[in-house]
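Below is one structure, written out as structure tokens, with a few remarks after it.
Order of listing sets the numbers, starting from 1, for every ligand and every atom in it. Here the structure is a predicted model, which is why all the values come from computation and not from measurement.
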Amino acid sequence: MILVTGGAGYIGIHTSLQLLHEGYELVIVDNFTNSSLESINRLKKITKKQFKLYHVDLLDKSALEMIFRENKISAVVHLAGLKSVGESVRFPLEYYSNNIIGTLNLCEIMKKFGIKSLVFSSSATVYGENNKMPVTENAHLSTTNPYGRSKLIIESILGDLYKSDKEWSIAILRYFNPVGAHSSGQFGEAPNGTPNNLMPFVSQVAIGIREELKVFGDNYTTRDGTGVRDYIHIEDLAKGHIKALSNILESSGLEAYNLGTGKGYSVLEVIKTFEEVSGKIIPYTIVDRRDGDIAECYADPSKAYDKLGWKAEKGLFEMCVDAWRWQKNNPNGYKNSNSKEEIIFT
Ligand code: NAD
Ligand code: UDP
């Protein structure tokens, strides 16, 4: 059985879907601080598969331990965490506590039960500034905010853990910019309040929830002056977890992998592609740069291909098509959906 922490969230639900398709037995744990039971209900409906769900907070160590006692877990895919950079600047203690103590609790209990296989969600944010692009896993690590620091600290903790016991098998996945939605239109990103990220903001402008996009700076040294990022389709990202999981189940070690496409797109290119896909005009104005933003960031994903046999397949056009389908089908995300919520807590 595979334990997925944060399995009701944006990346967690797509990863869980993929794991169920691949025939894995699943236990999902989530505290639903940033997700909804509706995503779990849809997962059940679309896969027609059984899995266990625990409404548990990773900070509740005894509840977490109970999950390990009740299930024969062989590996953990650990996605639970708080993820907003801006929020982390305002609430650093909550971010450090949730992300770091949650992970420590999880690792301590895994150790107690002799389970040493772990896939961990890290982020390209650990690369900070001044790295040569495309960035490889060996690049200098640094970060400018508590969220990024929580990821860097966890990466160090996992490194120390592996050094102390070489039986651990840990894959650190550094995601670039996950976007888009499941091609069924049933699962996607459902940000609370005003989206911080480009793609959900653009989608909400296209559907008319927001009037215009603010483009943060057009004077970067990039091809059109706007910021360049490596957007990766959420389904490709989910598949990366399956490859990493089967790899760690076979051998011990600790490795970090970039999960990106290797190709960067500018803000204006994203706007143009979204307009093409949706048939809508995306009004925008150029404003000052956003604090902490860098000009460009894109991956060298060759290590994931060489060692895991994983490669992103979908391009920006499909990312926008799927994001737009999700936005049209679910203008309020998982809220106010017609399907009745079933209570399926374990
Ligand atoms: P998300 O907020 O949609 O999902 C995270 C899930 O974890 C949510 O369902 C939330 O309720 C749950 N959670 C948070 N703290 C918990 C706790 N203490 N106990 C139990 N459950 C808890 O975010 P996501 O986009 O799916 O991100 C998943 C992981 O990937 C996070 O660790 C995030 O930092 C990382 N990541 C995300 C991105 C991105 O752009 N989405 C990029 C890089 C890394
Ligand atoms: N961006 C923008 N307007 C927005 C949100 C983002 O111009 O409302 C830009 C941002 O400056 C960056 C790119 O879009 O160049 C991707 O930003 P996002 O927040 O999605 O990802 P991250 O900054 O974490 O890579």
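- T222 contributes a side-chain N or O that, together with a main-chain N or O of T226, makes up a donor-acceptor pair within less than 3.5 Å.
- Among all heavy-atom pairs drawn from A139 and Y127, the shortest one is CB-CD2, 4.0 Å.
- Aromatic ring pairs are classed by plane angle as parallel below 30°, tilted from 30° to 60° and perpendicular above 60°; the pair F68 and F113 is tilted.
- Of the protein's non-hydrogen atoms, L58 N, 2.9 Å is the one closest to atom 19 (N) of ligand 1.
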- Could you walk me through whether Y231 and Y265 pass the ring-ring contact (aromatic ring centres under 6.0 Å, His included) test, one step at a time? CA-CA 7 Å; Y231 299 94; Y265 289 99; 7.2 Å; no
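- Counting non-hydrogen atoms of neighbouring residues, nucleotides and ligands closer than 6.0 angstrom, the CD atom of Q204 exceeds 12 such neighbours.
- Counting atoms of ligand 1 from 1 in the listed order, those under 4.0 Å from a heavy atom of G81 are 5 (C), 7 (O), 13 (N), 14 (C), 15 (N).
- Atoms of ligand 1 found under 4.0 Å from any heavy atom of S121, numbered from 1 in the order shown, are 29 (C), 30 (O), 32 (O), 35 (C).
- Not a single heavy atom of Y147 sits less than 4.0 Å from an atom of ligand 2.
- For atom 12 (C) of ligand 1, the closest non-hydrogen atom of the protein is D30 OD1, 3.3 Å.
- Looking at atom 9 (C) of ligand 2, its nearest protein heavy atom turns out to be V267 CG2, 3.6 Å.
- Shown in contact with R290 at under 4.0 Å from a heavy atom are these atoms of ligand 2, numbered in order with element: 10 (C), 17 (O), 18 (P), 19 (O), 23 (O).
- Counting only heavy atoms from C-beta outward, the side chains of L308 and Y257 approach each other to under 4.5 Å.
- No option in N71, T5, L64 other than N71 meets the side-chain contact (heavy atoms from CB on, under 4.5 Å) test with Y54.
- D300 contributes no side-chain N or O that, together with a main-chain N or O of V135, makes up a donor-acceptor pair within less than 3.5 Å.
- Of the protein's non-hydrogen atoms, K214 O, 2.7 Å is the one closest to atom 3 (N) of ligand 2.
- Between the side chain of R289 and the backbone N or O of N219, at least one donor-acceptor pair lies under 3.5 Å.
- By the 3.5 Å distance cut-off applied to N or O atoms, G6 is not counted among the residues near ligand 1.
- Under a 4.0 Å heavy-atom criterion, S122 is in contact with ligand 1.
- For atom 3 (O) of ligand 1, the closest non-hydrogen atom of the protein is Y10 N, 2.9 Å.
- Among N196, N177, V202, the residue whose heavy atom sits closest to atom 22 (P) of ligand 2 is N177.
- Compare T5, I232, N34 by their heavy atoms: the one nearest to atom 1 (P) of ligand 1 is in N34.
- At distances below 3.5 Å, at least one donor-acceptor pair connects side-chain atoms of K151 with backbone N or O atoms of S121.
- Looking at A124 against ligand 1, nothing comes within 4.0 Å, counting heavy atoms.
- Not one N or O on the side chain of S117 forms a donor-acceptor pair closer than 3.5 Å with the backbone of A75.
- The part of K151 lying near ligand 1 is the side chain, judged by heavy-atom distances below 4.0 Å.
- Protein heavy atom nearest atom 18 (P) of ligand 2, with residue, atom name and distance: N197 ND2, 3.5 Å.
- Protein heavy atom nearest atom 15 (O) of ligand 2, with residue, atom name and distance: G227 CA, 3.6 Å.
- By the 3.5 Å distance cut-off applied to N or O atoms, S123 is not counted among the residues near ligand 1.
- The backbone of V56, and not its side chain, has at least one atom closer than 4.0 Å to an atom of ligand 1 (non-hydrogen atoms only; backbone = N, CA, C, O).
- Residue P178 places a heavy atom less than 4.0 Å from ligand 1.
- The option from Y54, F176, Y175 that lies nearest to atom 35 (C) of ligand 1, judged by heavy atoms, is Y175.
- Less than 4.0 angstrom separates some heavy atom of Y147 from each of these atoms of ligand 1: 33 (C), 34 (O), 35 (C), 36 (N), 43 (C), 44 (C).
- For ligand 2, the polar-atom distance check against V215 finds no nitrogen or oxygen pair separated by under 3.5 Å.
- Heavy-atom contacts of S35 reach the following atoms of ligand 1: 8 (C), 9 (O), 11 (O) (cutoff under 4.0 Å).
- Checking side-chain atoms of N258 against main-chain N and O of A299 turns up no donor-acceptor pair under 3.5 Å.
- In terms of polar-atom proximity, F216 is counted as a contact of ligand 2, with an N or O under 3.5 Å from an N or O of the ligand.
- For the residue pair R149/Y95, the side-chain donor-acceptor check at 3.5 Å is not satisfied.
- For ligand 2 and D293, the ligand atoms under 4.0 Å from any heavy atom of the residue are 10 (C), 11 (O), 23 (O).
- Using a 4.0 Å cut-off between heavy atoms, F32 contacts ligand 1 through its backbone alone, with no side-chain atom that close.
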- Task: Could you go through the ring-ring contact (aromatic ring centres under 6.0 Å, His included) check for H241 and Y175 one step at a time?
- Result: CA-CA 11 Å; H241 292 73; Y175 311 148; 5.3 Å; yes
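- Per-residue contacts place G9 under 4.0 angstrom from the following atoms of ligand 1 (heavy atoms of the residue considered): 3 (O), 4 (O), 9 (O), 26 (O).
- In this structure, the ring of Y334 has its center less than 6.0 angstrom from the ring center of W326.
- In this structure, of D230, L198, L213, the residue bringing a heavy atom nearest to atom 8 (O) of ligand 2 is L213.
- The aromatic rings of W324 and F274 sit perpendicular to each other, their planes meeting at more than 60°, with 30° as the lower class boundary.
- If you check which protein heavy atom lies closest to atom 27 (O) of ligand 1, you get I11 CD1, 3.7 Å.
- Among N192, I40, D30, the single residue meeting the side-chain contact (heavy atoms from CB on, under 4.5 Å) criterion with S35 is D30.
- Between the side chain of K303 and the main chain of A256, a donor-acceptor pair closer than 3.5 Å is present.
- Summary of contacts: the protein heavy atom closest to atom 13 (C) of ligand 2 is Y231 OH, 3.5 Å.
- The backbone and the side chain of T33 each have at least one atom closer than 4.0 Å to an atom of ligand 1 (non-hydrogen atoms only).
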